[in-house]
Amino acid sequence: MTGTIDAKLASLGITIPTPVAPAANYVPTVVSGNLLFVSGQISVTADGTRLTGKLGETVDAEAGRVAARQCGINLIAQVKAALGGDLDRVKRVVKLTGFVNSTPDFTDQPKVVNGCSDLFVEVFGEAGRHARSAVGVAQLPFGVSVEVEAIIEIA
């Protein structure tokens, strides 16, 4: 199915990958009323390459932004699958929570998570503006640099 959001993705040169299967005992998405909760998506590319490393140690803020953007692409893939391929059903990105694998002295988590936030505004326009948390953590699954989860209002 193609719609306005799919056309926007194409104009941005973004290809949405097949969603990644859960790595443990959880489901990738849950719909409750008009809200879609999307489990945390890690910084892994369509070819399976994991964007790994610790911010403030082996990864700089710009590489972290790229990793967060990849998380956003993976979130969109999960949303698309949950909505039967119809991304035009997204009414509002309500909240993103970003987790940044970082050293204790790294304080640019908000700049890193902007990689995902900026993508959502590029793709969904004003409906992509959201509340957000950007949190530094000691470690993430598989040693990835970033993980982001989302709450989306749907039609």
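On a predicted model such as this, the values are computed, not experimentally measured, just so you know.
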Legend entry - Gly98 versus Val148, closest heavy-atom pair with distance: CA-CG2, 4.1 Å
Legend entry - N-O pairing of Glu153 and Lys91 below 4.0 Å: yes
Legend entry - Exceeds 12 heavy-atom contacts within 6.0 angstrom, atom CG of Asn25: no
Inset, instruction - State which residue, out of Val144, Asn74, Thr49, fulfils the side-chain contact (heavy atoms from CB on, under 4.5 Å) condition with Val44. - result: Asn74
Legend entry - Check: Gln41 side chain, Ser39 main-chain N or O, donor-acceptor pair, under 3.5 Å: yes
Legend entry - Donor-acceptor contact present, side-chain Thr103 to main-chain Lys54, <3.5 Å: no
Legend entry - Side-chain (Asp60) to main-chain (Ala63) donor-acceptor, under 3.5 angstrom: yes
Legend entry - Check: Ser117 side chain, Asn114 main-chain N or O, donor-acceptor pair, under 3.5 Å: no
Inset, instruction - Mark yes or no for whether Ser43, through its side chain, and Leu51, through its backbone, hold a donor-acceptor pair below 3.5 Å. - result: yes
Inset, instruction - Could you name each residue pair satisfying salt bridge (Lys or Arg N to Asp or Glu O under 4.0 Å) that touches residues 127-148, not counting sequence neighbours? - result: Glu126-Arg129
Legend entry - Val59 side chain reached by Phe106 side chain, heavy atoms, under 4.5 Å: no
Legend entry - More than 12 heavy atoms from other groups under 6.0 Å of NZ on Lys111: no
